[in-house]
Undergrad: 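For reference, the structure I am asking about is given below.
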Amino acid sequence: MLADTGVTIRQADADDAVNGVRPRWVALPETVEEISAVLRACAEQDLAAVPAGGGTKLHWGAPPERCDVLIDLCCMNALIEHAAGDLVVRAQAGLTMDALAAALAEQGQELALDPPFKEHTTVGGTLATATAGPRAFRYGTPRDLLIGITVVLPDGTVARSGGRVVKNVAGYDLGKLFTGSQGTLGVIAEATFRLHPLPAERRWLVAATAPAGDVLLRLAASQAEPSAVEIDCPDGKEATVAVLVEGAAAEQRALALREVLGEGTVTAEAPEWWGLILRDDVLLETRFPPARAADALAAAGEAGFAFRGSAAAGRAYLELWDEVAEEELAAAVTRLRGRIEALGGRLNVLATPYEGVDRWGQVSGLPLMRRVKERFDPGRRMSPGRFLGGI
């Protein structure tokens with residue numbers, strides 16, 4: 001039984017619900033070994049478990065088929081090791097990204113990931129959902145910056161991969177596999193990342209302009225080396241373009257980019273909307289060829305979605321600010337998915353209150369993903385049904 005694990009267990013309440021599904025208990029492990037003990041007990045009792053970090057994205061994905069135990073990693077919030085000379089950090093999964101950033105900044109370093117929420121986003125949650133911010137264009141996504149991971153598998157086995165301990169399981173690259181897995185393969189317990197020095201300067205070039213595909217490509221390819229090229233269009237009509245330049249001579253390089261864009265204001269402060277998700281009751285994510293960014297923006301606006309994202313990296317979040325009925329939203333998603341796919345892109349529904357909305361569309365790799373799920377979680381106890389295809 002869970003009570004015999006020695007882990008703090010409490011009864012769940014309404015605030016612990018995972019996309020509307022209320023668990024029976026909440027486990028609060030403080031070590032990797034305690035996570036292992038909880039999952040062993042779940043395996044013995046055939047209890048379904050869902051890991052949780054700061055709770056900012058528990059309503060993303062489909063509701064779990066069942067949820068007996070919520071594994072809350074809030075107590076696993078330590079920065080384990082910061083090897084500043086090697087530009088490497090190892091942290092527990094429950095450490096918040098803002099706390100990690102503050103600790104690294106004291107040594108003049110940073111993890112160049114920009115979580116889309118200002119507070120409560122954790123290391124584990126960022127990896128489990130594979131959320132990437134504006135600077136993924138230059139530095140890469142969570143999957144790219146992750147160099148080591150410790151996970152606990154559904155049967156309680158502790159597995160480590162990469163970093164300073166190289167021990168893969170059955171040939172799998174656990175870091176890449178678990179990043180974006182939505183908690184369906186096991187629990188991310190610790191992570192090791194590659195760091196970067198804090199830039200000496202940052203400047204943003206901001207312009208209220210209708211973005212043309214060729215201009216965006218020239219901005220991205222400029223010798224001024226922007227770290228991000230973002231578009232914000234909250235109403236489907238009036239778009240703002242913001243370009244970030246970091247490092248030496250940032251002011252001069254931003255002015256050079258203004259020549260490319262043709263207008264804009266150079267500022268030392270980021271726009272208020274920079275890299276943030278402001279409303280995610282209904283939230284879509286789209287990927288598209290960067291050259292078709294203007295077309296993706298137009299398609300989103302015509303479908304009634306606000307567009308905010310990384311034009312240079314071909315990725316954006318689409319928010320819905322108006323209340324819509326299930327049938328209306330399902331039809332809008334279907335139409336928009338068709339247009340995005342015609343551009344060579346993809347459209348996923350990250351969050352929606354309606355079960356009648358097709359969250360994923362056609363996924364060519366689904367059979368392989370199901371085989372991986374079967375390999376790691378044959379009992380379907382880890383976040384069952386949360387991911388695409390009912391994984």
Side-chain angles (χ1 to χ4, degrees), residues 16-21 23 35 39 42 48-73 93-94 97 113 115-117 120-132 141-143 146 149-154 159 161 172-189 191 277 280-287 315 317 346-353 355 357-361 363 365-391:
D16 300 311
V18 180
N19 207 348
V21 179
I35 297 175
L39 289 184
C42 288
V50 175
T56 56
K57 297 177 282 294
L58 276 182
H59 63 292
W60 289 19
E65 296 169 4
R66 57 193 183 107
C67 179
D68 299 302
V69 182
L70 184 74
I71 302 177
D72 188 339
L73 300 175
M97 296 293 284
L113 297 175
F117 301 100
H120 307 306
T121 298
T122 62
V123 167
T126 298
L127 289 174
T129 56
T131 48
T141 65
R143 183 177 280 111
L146 181 71
I149 194 169
T150 298
V151 299
V152 185
L153 305 182
S161 174
Y172 291 99
D173 184 332
L174 293 181
K176 288 183 169 56
L177 197 62
F178 272 70
T179 302
S181 63
Q182 300 274 358
T184 58
L185 300 179
V187 178
I188 297 171
I277 293 172
D280 64 342
D281 297 330
V282 174
L283 183 68
L284 283 58
E285 181 186 38
T286 181
R287 307 289 180 93
R315 181 185 59 256
Y317 293 113
R346 279 196 54 79
L347 181 74
N348 298 326
V349 179
L350 299 181
T352 173
E355 288 307 298
V357 177
D358 183 356
R359 296 173 184 268
W360 307 102
V363 181
L366 185 56
L368 174 60
M369 297 174 72
R370 283 179 170 154
R371 290 197 295 272
V372 171
K373 172 70 170 177
E374 174 66 22
R375 166 66 177 82
F376 279 80
D377 185 24
R380 290 184 59 78
R381 292 188 303 271
M382 290 302 309
S383 303
R386 291 275 282 157
F387 204 15
L388 59 86
I391 291 176

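Everything numeric here is computed off the predicted structure, so don't read it as measured data.
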Undergrad: Pairs under 3.5 angstrom only: tabulate donor-acceptor contacts from the side chains of residues 174-187 to other protein residues two or more places apart or in another chain.
TA:
{"from": "T179", "atom 1": "OG1", "to": "G175", "atom 2": "O", "distance (Å)": "2.7"}
{"from": "S181", "atom 1": "OG", "to": "F178", "atom 2": "O", "distance (Å)": "2.8"}
{"from": "T184", "atom 1": "OG1", "to": "S181", "atom 2": "O", "distance (Å)": "2.6"}

Undergrad: Mind checking what makes ring-ring contact (aromatic ring centres under 6.0 Å, His included) contact with F387, not counting sequence neighbours?
TA: W360
Undergrad: May I ask you to decide if R346's main-chain N or O and T286's side chain share a donor-acceptor pair within less than 3.5 Å?
TA: yes
Undergrad: Which heavy atom of P142 sits nearest to which heavy atom of T126, and what is that distance?
TA: CG-CG2, 4.1 Å
Undergrad: side-chain contact (heavy atoms from CB on, under 4.5 Å) with A351: which residues, sequence neighbours excluded?
TA: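 Here the qualifying residues are H59, W60, L283.
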Undergrad: Any donor-acceptor pair under 3.5 Å linking the side chain of R359 with the backbone of G61?
TA: yes
Undergrad: Would you check, one step at a time, whether the test side chain to side chain contact (heavy atoms under 4.5 Å, CB included) holds for L146 with L127?
TA: CA-CA 9 Å; L146 181 71; L127 289 174; 4.1 Å; yes
Undergrad: Of the non-hydrogen atoms in L153 and L39, which two are nearest, and what is the gap between them?
TA: O-CD1, 3.2 Å
Undergrad: Taking atom CG of L347 and atom CD of E285, what is their separation to the nearest 0.5 Å?
TA: 9.0 Å
Undergrad: Check A17 against L58 and note the closest heavy-atom contact, atom names and distance.
TA: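 Shortest heavy-atom contact: O-CD1, 4.2 Å.
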Undergrad: What's the spacing between R386 CZ and N19 CG if we round to 0.5 Å?
TA: 6.0 Å
Undergrad: In sequence, state the C-alpha distance, the side-chain angles, and the governing distance for L350 and Y317, and then conclude on side chain to side chain contact (heavy atoms under 4.5 Å, CB included).
TA: CA-CA 9 Å; L350 299 181; Y317 293 113; 3.7 Å; yes
Undergrad: To check you understand the geometry: which heavy-atom pair defines the closest contact between V50 and C67, and what is its length?
TA: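 Shortest heavy-atom separation between V50 and C67 comes out as CG2-SG, 3.7 Å.
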Undergrad: Determine the minimum heavy-atom distance between T56 and D280, stating which atoms define it.
TA: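 Where T56 meets D280 most closely, the heavy atoms are O-OD2, 4.1 Å.
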Undergrad: Could you walk me through whether F117 and K57 satisfy the side chain to side chain contact (heavy atoms under 4.5 Å, CB included) test, starting with their C-alpha distance in whole Å, then the side-chain angles of each, then the deciding distance to 0.1 Å, before giving a yes or no?
TA: CA-CA 10 Å; F117 301 100; K57 297 177 282 294; 3.8 Å; yes
Undergrad: Measuring only between side-chain heavy atoms, which start at C-beta, is D16 closer than 4.5 Å to D72?
TA: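 No. Closest side-chain heavy atoms not under 4.5 Å.
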Undergrad: Give, for atom CD1 of I391 and atom CD of E374, the distance between the pair rounded to the nearest 0.5 Å.
TA: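 Between I391 CD1 and E374 CD, I get 11.0 Å after rounding to 0.5 Å.
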Undergrad: Answer yes or no: is there a donor N or O on one side and an acceptor on the other, between the side chain of R370 and the main chain of G389, under 3.5 Å?
TA: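 Side chain of R370 to backbone of G389, a donor-acceptor pair under 3.5 Å: yes, one is there.
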Undergrad: Can you name the closest pair of heavy atoms from M382 and P51 and give their distance?
TA: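 In this case the closest contact between M382 and P51 is CE-CD, 3.8 Å.
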Undergrad: Side chain to side chain contact (heavy atoms under 4.5 Å, CB included), that's the test. Do L70 and V18 meet it? Break it down for me.
TA: CA-CA 8 Å; L70 184 74; V18 180; 3.7 Å; yes
Undergrad: Starting at CG of D281, measure out to OG1 of T352 and round the result to the nearest 0.5 Å.
TA: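 Those atoms lie 9.5 Å apart.
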Undergrad: For the atom pair OG (S383) and CD (E65), what is the distance rounded to the nearest 0.5 Å?
TA: 10.5 Å
